Amino acid sequence: MAPGPYHLLTYILLASGARSRTFVPLGKRWQENNTFDYIIVGGGTAGLVLANRLSETEGIKVVVVEAGGDYEGDPLKKAIVDIPGLDAEGAGADITAPANMLSIDWGFSTVPQKAFANRSIHYERGKVVGGSSTRNFQIYQRGTASSYDSWAALGNEGWDWKSLKPYFEKSVKYQPPDNSLRRLARPTPPDEALAESQTRGPLSLSVAPFPQAFGPFMIGALKELGIPEVTTFNNGTLRGGTSSLRLLC
């Protein structure tokens, strides 16, 4: 496999079995005629999960080809990824986001939006190992049941909500919030979709222990508009108001 046709894909992750994972810039250690059992294009959220699972089998060789770089070796990029509040620096209507933000972002912008006074909005998409999961403020929530069911309706057997739900549950471990720290807001009800979960997956989830003071007022405003308060965004519906779960680093 020659590097020529892949000039836009500048980094690769080599994985072989459960013990060997190496991240290298394309071209420095890449040689023609390398062979792999699986080639995954895109080192984003889905690509890396898939690579991790495949490479758990001893002897399997997996390569992940990613257009962006690895933020771990760059203190500034790492801060952007690790500190949720810094994501806001490159979000929203400012399509001329700072260069340091765009260093891990594709720099996409929308067409003019009628509801936003015909402004174009910077649409954050991660161009970095980890993909757009590095740009999402560490928020965790699942999609709607109808979205997954529509995938299955297109002929993708096993991709409906009922079939996928056990794997969502298997992938996480839930840590309830310490409500004694939540002095600015009433205690948060346990996430019904996760509170009884005994799984110990790789994704650690919890609710922020220090909520923003406007949270209860936002919930009240939503109720006045007919939008109910809910305890989870992980049961197949996203309609309602609640505290979002966060991924714990």
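Worth saying up front: this structure is predicted, and the values here are computed from it rather than measured.
Going from atom CD1 of I139 over to atom OG of S133 covers 13.0 Å, rounded to the nearest 0.5 Å. Annotation: the span from D105 atom CG to S132 atom OG amounts to 8.0 Å, rounded to 0.5 Å. Going from atom CD of E72 over to atom NZ of K78 covers 4.0 Å, rounded to the nearest 0.5 Å. One finds the OH atom of Y71 at 9.0 Å from the CD1 atom of I104 (value rounded to the nearest 0.5 Å). Rounding to the nearest 0.5 Å gives a distance of 15.0 Å between OH of Y174 and CG of L203. Atom CG in N234 sits 4.5 Å away from atom CZ in R142 (nearest 0.5 Å).
In plain terms, the two heavy atoms of P112 and S120 that are nearest each other are N-OG, 3.7 Å. Shown here for K173 and S204, the closest heavy-atom pair between the two residues is CE-OG, 2.8 Å. A pairwise comparison of heavy atoms in P228 and R239 identifies CD-NH1, 3.1 Å as the closest pair. Here the shortest heavy-atom pairing between S163 and P166 reads O-CD, 3.3 Å. Residues L164 and W159 share a closest heavy-atom pair of CD1-O, 3.3 Å.
Using a distance-only test at 3.5 Å, with no hydrogens or angles considered, no donor-acceptor pair links the side chain of T134 to the main chain of G130. A side-chain donor-acceptor contact under 3.5 Å links D74 to the backbone of K77. Counting only distance, with no hydrogens or angles, the side chain of E66 and the backbone of V64 share no donor-acceptor pair below 3.5 Å. Judged purely by atom type and a 3.5 angstrom limit, T242 uses its side chain to pair as donor or acceptor with the backbone of V230. Judged purely by atom type and a 3.5 angstrom limit, R119 uses its side chain to pair as donor or acceptor with the backbone of F116. Remark: the backbone N or O of I121 is paired with a side-chain donor or acceptor of T110 at under 3.5 angstrom.
I227 and M218 fall within the same hydrophobic cluster, defined by Ile, Leu, Val, Met, Phe, Trp and Tyr side-chain heavy atoms under 4.5 Å apart, directly or through other members. Hydrophobic cluster membership differs between I40 and V49, with clusters built from Ile, Leu, Val, Met, Phe, Trp and Tyr side chains linked at under 4.5 angstrom.
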Evaluation steps, side chain to side chain contact (heavy atoms under 4.5 Å, CB included), between L48 and V129: CA-CA 8 Å; L48 292 182; V129 171; 3.8 Å; yes
Steps toward side chain to side chain contact (heavy atoms under 4.5 Å, CB included) verdict (N118, Q113): CA-CA 5 Å; N118 290 318; Q113 300 293 302; over 6 Å; no
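Between the side chains of T232 and N235, not a single donor N or O lies within less than 3.5 Å of an accepting N or O. No hydrogens or angles considered: a donor-acceptor pair under 3.5 Å links the side chains of S147 and T144.
Screening L50, V63, I60 against Y38 for a side-chain contact (heavy atoms from CB on, under 4.5 Å) leaves a single residue, I60.
When side chains are defined from C-beta on, D160 does not count as touching W151, because their heavy atoms never get closer than 4.5 Å. V65 has its side chain within reach of I39: a pair of non-hydrogen atoms, C-beta onward, lies under 4.5 Å apart.
Under a cutoff of 6.0 Å and an axis angle of 45°, K61 and F36 form a cation-pi pair.
Aromatic ring pairs are classed by plane angle as parallel below 30°, tilted from 30° to 60° and perpendicular above 60°; the pair W106 and F108 is parallel. Using a 30° and 60° split on the angle between ring planes, F168 and W161 fall in the tilted class, from 30° to 60°.
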